[in-house]
Participant: 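There's a structure below that I have some questions on.
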Amino acid sequence: MPYTTWNGPAPTTAALASVTTGTAIKTMLQLATPASRMIQILEWGFSLDDPPGADGVIELLQTDVAATVTAHVAATGIVNLDPNGTTSLLTVGTSATGYTATAEGTITATRPFDAVSLSSVSGESGLSYVRTFMPDDRPAVAVSKFLRVRATTPTTASDMRCWVTFQEVG
């Protein structure tokens, strides 16, 4: 079953809000795999409201340490794309699945899956990005690990929306 989650609460009476990247490395979205399952990434993407003040980078990677985040709500923040499907088994909490990190933690190991360079020059590079992984190339995040979408916009913050579509395997 595929699921999608964003770097903010699921929209209800208001549209999905963008979140500031800040001016240092910041985890915008984090998914925590349970001890019983891996996740396989089907697609991910982001959009920025404005270009950053200096060239930056957006990364998709697996880490061994959690950032401190605003916890998602499993029943509403992680959307099952099958209307008859079940709630995701991702672990939720402030050191698990959530968004908008307030502390990055000390990472000792990563597995990078994608990285996108951002130009600070308006019109030089796109302000949105989508990557759909082909079935044979879909990255898998190991059990009890963390998938992060991280933004580094070193001098001027940008407002960002990002998302990951995944399936649980194992």
Participant: Report yes or no: does Lys26 contribute a side-chain atom to a donor-acceptor pair with the main-chain N or O of Thr20 at less than 3.5 Å?
Facilitator: yes
Participant: Looking at Pro11 and Leu16, what are the two nearest heavy atoms and their distance?
Facilitator: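 Closest pair (atom of Pro11, atom of Leu16, distance): CB-N, 3.8 Å.
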Participant: With a 4.5 Å cut-off on side-chain heavy atoms, are Ile58 and Arg150 touching?
Facilitator: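 They are not in side-chain contact.
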Participant: Taking side chain as C-beta onward, heavy atoms only, is Arg148 less than 4.5 Å from Leu29?
Facilitator: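 No, side chains not in contact.
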Participant: Where do Asn7 and Met160 come nearest, in terms of heavy atoms and distance?
Facilitator: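 Closest pair (atom of Asn7, atom of Met160, distance): ND2-O, 3.2 Å.
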Participant: Hydrophobic clustering (ILVMFWY, side-chain heavy atoms < 4.5 Å, transitive) - are Leu90 and Val169 grouped together?
Facilitator: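 The answer is no; the residues belong to distinct hydrophobic clusters.
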Participant: State, with a plain yes or no, whether a side-chain heavy atom of Thr87 is found less than 4.5 Å away from one of Asn80.
Facilitator: no
Participant: Please round to the nearest 0.5 Å and tell me the distance separating atom OG1 of Thr97 and atom CG of Leu31.
Facilitator: 5.0 Å
Participant: I'd like to know whether the aromatic ring centres of Trp44 and Tyr129 sit less than 6.0 Å apart in this structure.
Facilitator: yes
Participant: Do you know which of Val57, Asp55, Leu48 makes side chain to side chain contact (heavy atoms under 4.5 Å, CB included) with Leu118?
Facilitator: Leu48
Participant: What are the two closest heavy atoms between Thr5 and Gly77, and how far apart are they?
Facilitator: OG1-O, 2.9 Å
Participant: Kindly give the heavy-atom pair with the smallest separation between Ser144 and Ala35, and that separation in Å.
Facilitator: OG-CA, 3.5 Å
Participant: Applying ring pair (Phe, Tyr, Trp, His ring centres under 6.0 Å), can you list everything that pairs with Tyr99, at least two apart in sequence or on another chain?
Facilitator: His72
Participant: May I ask you to decide if Ala96's main-chain N or O and Gln30's side chain share a donor-acceptor pair within less than 3.5 Å?
Facilitator: yes
Participant: Is there side-chain contact between Leu147 and Phe166, with at least one heavy-atom pair below 4.5 Å?
Facilitator: no
Participant: How would you list all residue pairs meeting side chain to side chain donor-acceptor pair (under 3.5 Å) that involve residues 153-170, not counting sequence neighbours?
Facilitator: Thr4-Thr165, Thr21-Thr153, Gln40-Gln167, Asp49-Arg161, Ser88-Glu168
Participant: Is Thr27 close to Glu104 at the side-chain level, that is, under 4.5 Å between some pair of heavy atoms?
Facilitator: yes
Participant: Kindly give the heavy-atom pair with the smallest separation between Ser95 and Phe146, and that separation in Å.
Facilitator: O-CE2, 3.7 Å
Participant: Before giving the answer on side-chain contact (heavy atoms from CB on, under 4.5 Å), spell out for Met1 and Leu81 the whole-Å C-alpha distance, their side-chain angles and the decisive distance to 0.1 Å.
Facilitator: CA-CA 7 Å; Met1 272 179 256; Leu81 299 178; over 6 Å; no
Participant: Does any part of the side chain of Leu61, heavy atoms only, come nearer than 4.5 Å to the side chain of Arg111, both counted from C-beta?
Facilitator: no
Participant: Is any side-chain heavy atom of Phe133 less than 4.5 Å from a side-chain heavy atom of Pro139?
Facilitator: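 Yes - at least one pair of side-chain heavy atoms lies under 4.5 Å apart.
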Participant: Taking the side chain as every heavy atom from C-beta outward, state whether Val69 and Thr100 have any pair of such atoms under 4.5 Å apart.
Facilitator: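 Sidechains of Thr100 and Val69: no contact.
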Participant: Over all heavy atoms of both residues, which pair between Cys162 and Phe46 is shortest? Give the atoms and the distance, please.
Facilitator: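 Closest approach of Cys162 to Phe46: CB-CB, 3.8 Å.
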